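What follows is one structure encoded as structure tokens, with my remarks underneath.
All of these numbers come straight from a predicted model, not from anything done at the bench. Numbering of ligands and ligand atoms starts at 1, following listing order.
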Amino acid sequence: MNGVSATARWTAAARADETRRDDALFTDELAGELAGPEGFARYERYANPGTTEFLAIRTRYLDEVIGRSAALTQVVLVAAGLDTRSVRLGWPSGTVLYELDHADLVDEKEKRLAELGARHACERHAIGTDLTGPWDGPLRAAGWDPSVPTLWIVEGLLFYLPEDDARTLLARLASLSAPGSVLAGDLLSHQSMVSEFTQEGLRRLREDGCPWLWGTDRPEDVLAESGWTVREVKVPGEDGASFGRWPWPPLPRGTEGFPMNFLFTASA
Ligand SMILES: C[S@@+](CC[C@H](N)C(=O)[O-])C[C@H]1O[C@@H](n2cnc3c(N)ncnc32)[C@H](O)[C@@H]1O
């Protein structure tokens, strides 16, 4: 797996850890196996106050968006990593799920899922592609239909791409979206890149070949400039982005010096 793809093991380890809790916000029974020892080592190496909580909140937030978007039966996980929503969520009948990620990750994931006897709860297509290239060709070839509204989930990706590539991706998602399509995901704040509290973690990610590259304190602008109509942007701790897991008050927008993550939902 290339440097950034290994971060999928980290977030899988986070889901495995969440699954073990009595008050788990979701359960992902395959996450531990998919994460493997490397995933758990990274989970420890990148641990920071707020990070573990945020990863659990992010997954639950997006699970809830998916639950609320049941009318959208064409779903694309953009940079799916080792996500097992195809197994762990109850999907409306007729749902077709597409998973995009680097080919080496997809190959390894498919092999492990087969070994683990994973049973998918919807029709599923895993596609190896580079999201900074012409990825919609392989998506169409797998059966994705641009005339049908799509639910796009972009979880834990945008800040690993150079900002220009991330903006190009967001704009391409918008331009490919039939009316009624929804995009949900997360963005990192610029403060997260410059805060004294994140520098050690950022250094470790750089050392491991998977640096966070950019953030924005104006997520609404980034989405709007890419052609999306913002429905909501939430920070952890706010209603609908806490789930009892965020022990601090939500940081007021515009606070400087502290890291902040954004969860968003937008429509085409
Ligand atoms: C932190 S993981 C998140 C994975 C998953 N969405 C999750 O939340 O567990 C980041 C993912 O982005 C993928 N990724 C990063 N850059 C990519 C690119 N240019 N093309 C395809 N996938 C990419 C990596 O392979 C990795 O699976």
Side-chain angles (χ1 to χ4, degrees), residues 1-19 25-26 28 30-36 38-40 42-43 45-46 48 51-52 54-63 65-66 75-89 97-110 112-113 126-139 151-170 172-173 183-188 192 201-202 204-205 208-215 261 263-264:
M1 272 194 201
N2 72 30
V4 72
S5 290
T7 62
R9 293 198 190 286
W10 165 28
T11 49
R15 288 191 291 274
D17 193 39
E18 180 68 18
T19 299
L25 300 184
F26 53 81
D28 185 342
L30 298 173
E33 289 289 347
L34 292 171
E38 188 200 336
F40 288 100
R42 283 181 186 250
Y43 183 52
R45 180 163 158 76
Y46 305 145
N48 219 11
T51 305
T52 305
F54 176 68
L55 289 175
I57 289 168
R58 178 174 79 185
T59 296
R60 172 63 179 265
Y61 173 84
L62 294 171
D63 284 355
V65 172
I66 292 169
V75 181
V76 182
L77 304 181
V78 183
L82 300 171
D83 184 304
T84 62
R85 287 191 171 96
S86 63
V87 174
R88 66 181 183 79
L89 297 186
L97 179 74
Y98 299 90
E99 298 188 5
L100 303 174
D101 209 296
H102 278 304
D104 55 350
L105 180 140
V106 170
D107 291 349
E108 194 170 325
K109 179 179 180 179
E110 295 312 289
R112 281 302 285 143
L113 287 177
I127 301 151
T129 190
D130 182 348
L131 290 160
T132 63
W135 51 267
D136 53 306
L139 181 61
L151 172 60
W152 309 96
I153 302 294
V154 57
E155 180 176 19
L157 169 69
L158 294 167
F159 37 89
Y160 287 108
L161 301 178
E163 180 172 353
D164 284 353
D165 286 331
R167 285 176 176 267
T168 300
L169 174 66
L170 287 170
R172 184 170 286 158
L173 292 171
L183 169 72
D186 64 310
L187 279 162
L188 197 65
S192 299
L202 292 174
R204 291 180 183 197
L205 287 162
D208 294 348
C210 47
W212 288 353
L213 297 176
W214 69 290
N261 298 82
L263 295 164
F264 64 80

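Of the protein's non-hydrogen atoms, the one nearest atom 18 (C) of ligand 1 is His102 NE2, 3.2 Å. Nearest protein neighbour of atom 2 (S) of ligand 1, counting heavy atoms only, is Thr7 OG1, 3.3 Å. Nearest protein heavy-atom neighbour of atom 26 (C) of ligand 1: Asp101 OD2, 3.6 Å.
Looking at Thr59 and Glu155, their side chains do bring a donor and an acceptor atom within 3.5 Å of each other. Of the N and O atoms on the side chains of Tyr46 and Asp208, at least one donor lies less than 3.5 Å from an acceptor on the other residue.
Contact annotation for Leu105 and ligand 1: only side-chain heavy atoms (C-beta onward) come within less than 4.0 Å of the ligand. Heavy atoms from both the backbone and the side chain of Asp130 come within less than 4.0 Å of ligand 1. With a 4.0 Å cut-off on non-hydrogen atoms, Asp165 does not touch ligand 1 at all. Heavy atoms of Ala80 found under 4.0 angstrom from ligand 1 belong exclusively to the backbone.
For the pair Arg15 and Phe26, the cation-pi test (distance below 6.0 Å, angle within 45°) is failed.
The only member of Leu158, Leu157, Leu183 that meets side chain to side chain contact (heavy atoms under 4.5 Å, CB included) when paired with Val78 is Leu157.
Any N or O atom pair closer than 3.5 Å counts here, and Glu155 shares at least one such pair with ligand 1.
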**Request:** Please lay out, stage by stage, how Thr7 and Tyr160 fare under the test side-chain contact (heavy atoms from CB on, under 4.5 Å).
**Result:** CA-CA 10 Å; Thr7 62; Tyr160 287 108; 3.6 Å; yes
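Ring centers of Phe159 and Trp212: under 6.0 Å apart, within the cut-off.
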